[in-house]
Enquirer: 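One structure is given below, represented as structure tokens, and several questions about it will come after.
Residue numbers begin at 1 in each chain, while the letters A, B, ... track the order of the sequences.
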Amino acid sequence: MTEKKKTTIVLFSGDYDKAMAAYIIANGAAAYDHEVVIFHTFWGLNALRKDEHLHVKKGLLEKLLGWMMPKGADKMGLSKMNYLGMGPHMIKHVMKKHNALPVHELVDMAQAQGVKLIACTMTMDLLGLQKEELLEDIEYAGVAAYIGGSEDGNITLFI
Amino acid sequence: MTEKKKTTIVLFSGDYDKAMAAYIIANGAAAYDHEVVIFHTFWGLNALRKDEHLHVKKGLLEKLLGWMMPKGADKMGLSKMNYLGMGPHMIKHVMKKHNALPVHELVDMAQAQGVKLIACTMTMDLLGLQKEELLEDIEYAGVAAYIGGSEDGNITLFI
Amino acid sequence: MTEKKKTTIVLFSGDYDKAMAAYIIANGAAAYDHEVVIFHTFWGLNALRKDEHLHVKKGLLEKLLGWMMPKGADKMGLSKMNYLGMGPHMIKHVMKKHNALPVHELVDMAQAQGVKLIACTMTMDLLGLQKEELLEDIEYAGVAAYIGGSEDGNITLFI
């Protein structure tokens with residue numbers, strides 16, 4: 001029995017285009033029969049947020065942070081040519097025209113393909129994000145789990 | 001016969017300084033006798049654009065995108081201290097003073113050393129870039145080629 | 001005797017949050033008994049700057065660059081939600097509240113754990129940074145050392 005190849009991605013960025021790149025690589029690797037993990041930390045956690053208003057108990061600062069950060073990948077801005085929010089509309093327009101999947105569908109596809117989505121508990125704590133605010137069927141872990149899961153990886157990326 | 005070591009870089013960024021870092025690492029790895037691949041996707045494709053005005057048939061949105069994006073690495077901005085375009089001039093000035101190669105020469109050197117330059121066809125399509133607009137002697141491929149080429153890599157970076 | 005696993009990080013970014021992520025991963029990998037190297041290049045060099053005013057002989061442009069760049073990690077801005085410098089204060093506030101270590105302490109911890117901190121000599125030269133301006137007990141090297149040290153790495157990241 002040969003071992004599966006492995007791709008692990010740290011998704012740090014909260015940019016729509018970078019989340020898109022991360023999930024396209026993840027889905028590609030999964031299609032190639034890799035074991036794939038995306039470890040979401042800092043702004044990358046926003047890709048896992050539910051697109052709805054939730055009443056969770058938080059401090060004022062955490063409420064403020066939660067209010068300022070995008071609720072889910074499709075609310076994110078672009079890393080380049082954002083133009084006060086016009087850029088994402090333009091990109092989503094060309095994506096639709098070219099039948100490219102929006103990020104929330106890439107996330108669904110990743111889950112369906114068995115890509116392991118992990119939320120970094122330390123940065124959830126820092127940014128005041130709670131489990132109720134994130135998607136179902138994801139895992140929660142810290143940096144130790146990332147190291148343990150990546151040290152025998154074939155492709156290791158930080159996005 | 002021992003196999004060659006391998007370095008693969010996803011160049012996602014359209015920043016001059018990041019493209020410079022990518023090409024310095026690529027040239028360094030090639031000098032160390034690595035097999036080296038740079039997979040250009042999203043804004044990183046602009047590093048491969050020809051520095052000339054070309055008449056290619058495009059839709060309006062694609063024309064607009066093509067007009068807004070830099071034509072070649074030497075037209076790119078900086079990831080930090082760009083100062084409305086003054087930063088790149090300053091950096092290029094110090095680069096000249098210290099005999100550092102500008103990015104378009106690092107690209108030439110990479111090609112001369114046999115670094116494989118790949119343009120991501122999916123994002124070319126999204127950004128409306130056509131083969132005529134990109135440098136000669138590059139390859140065209142999708143995410144599957146990236147995964148296949150990187151899963152036995154020694155150094156895998158996303159820049 | 002089994003060989004140690006190895007994690008190598010290129011720290012290119014001069015953002016506080018990215019430097020924090022780099023040092024958390026580095027410290028985590030060191031705790032997992034990895035050999036760990038952080039290769040600081042471009043704006044990432046600022047994480048190694050001393051937090052004091054030093055009189056070193058420099059050209060005008062190099063003085064200007066030195067004056068514009070942050071002196072040490074704790075003077076850096078955020079990659080997201082920087083809000084003209086308010087963001088870092090907010091993040092440092094929540095970090096304190098949650099007992100997260102500020103980056104300069106993560107750097108100390110990394111040095112105590114034997115993480116090898118390397119400053120890229122080529123970009124020090126470009127940005128006009130001199131050894132006197134950087135922390136003690138770090139090493140100085142170029143891209144060849146990075147390639148040589150990373151080609152047998154388990155986790156290779158560009159941050």
Side-chain angles (χ1 to χ4, degrees), chain B residues 2-13 15-36 38 44 78-83 86-102 106 109 150 152-159, chain C residues 6-16 18-19 37 39-47 58-70 76-79 82 120-129 141-159:
Chain B
T2 56
E3 250 183 54
K4 270 194 165 190
K5 302 243 172 181
K6 198 171 196 175
T7 293
T8 71
I9 297 171
V10 178
L11 182 56
F12 171 96
S13 170
D15 298 318
Y16 187 78
D17 42 354
K18 288 197 172 176
M20 193 175 159
Y23 273 92
I24 288 173
I25 293 172
N27 280 313
Y32 255 62
D33 205 33
H34 282 214
E35 186 184 335
V36 186
I38 308 181
L78 292 181
S79 69
K80 279 268 150 191
M81 309 212 300
N82 196 50
Y83 298 123
M86 272 207 34
H89 287 287
M90 215 162 95
I91 287 291
K92 278 166 203 169
H93 183 81
V94 292
M95 282 171 64
K96 210 167 175 178
K97 193 173 149 188
H98 294 285
N99 299 313
L101 294 178
L106 291 170
M109 185 195 277
S150 300
D152 57 349
N154 296 81
I155 301 179
T156 57
L157 304 174
F158 183 99
I159 297 184
Chain C
K6 199 171 194 175
T7 293
T8 71
I9 297 171
V10 178
L11 182 55
F12 170 96
S13 169
D15 298 318
Y16 187 79
K18 288 197 173 175
V37 177
F39 186 82
H40 300 72
T41 187
F42 283 87
W43 322 107
L45 285 168
N46 292 318
K58 291 190 183 189
L60 186 64
L61 195 58
E62 286 77 7
K63 262 190 187 145
L64 190 64
L65 274 165
W67 173 78
M68 291 188 303
M69 294 189 302
M76 289 171 168
L78 292 180
S79 68
N82 196 51
C120 169
T121 46
M122 193 209 83
T123 46
M124 279 179 68
D125 201 35
L126 269 189
L127 300 175
L129 289 171
V143 68
Y146 168 70
I147 302 293
S150 299
E151 63 182 17
D152 56 349
N154 297 80
I155 301 178
T156 57
L157 304 174
F158 184 99
I159 297 183

Enquirer: Contact part of B:Lys18 toward chain C, heavy-atom cut-off under 4.5 Å: side chain, backbone, both or neither?
Expert: both
Enquirer: Restricting to non-hydrogen atoms, name the atom on B:Leu11 and the atom on B:Ala22 that form the minimum distance, rounded to 0.1 Å.
Expert: CD1-CB, 4.0 Å
Enquirer: So, are B:Lys80 and C:Asp15 salt-bridged, with charged N and O less than 4.0 Å apart?
Expert: yes
Enquirer: Side chain, backbone, both or neither: which part of C:Leu126 has an atom under 4.5 Å from a heavy atom of chain B?
Expert: both
Enquirer: Give, as side chain, backbone, both or neither, the part of C:Thr41 having an atom under 4.5 angstrom from any heavy atom of chain B.
Expert: neither
Enquirer: Might you point out which heavy atoms bring B:Ser79 and B:Asp17 nearest each other, and give the distance in Å?
Expert: OG-OD2, 2.7 Å
Enquirer: Tell me, side chain or backbone of C:Ile155 under 4.5 Å from chain B's heavy atoms, or both, or neither?
Expert: neither
Enquirer: Measuring heavy-atom distances to chain C, does B:Met81 have an atom under 4.5 Å in its side chain, in its backbone, in both, or in neither?
Expert: side chain
Enquirer: Pick one of side chain, backbone, both or neither for B:Met90, based on which atoms fall under 4.5 Å of a heavy atom in chain C.
Expert: both
Enquirer: If I compare all heavy atoms of C:Lys58 with all of C:Gly128, which pair ends up nearest, and what's the gap?
Expert: NZ-O, 2.9 Å
Enquirer: Ignoring hydrogens, what is the shortest heavy-atom contact between B:Tyr32 and C:Ala144? Give both atom names and the distance.
Expert: OH-O, 3.5 Å
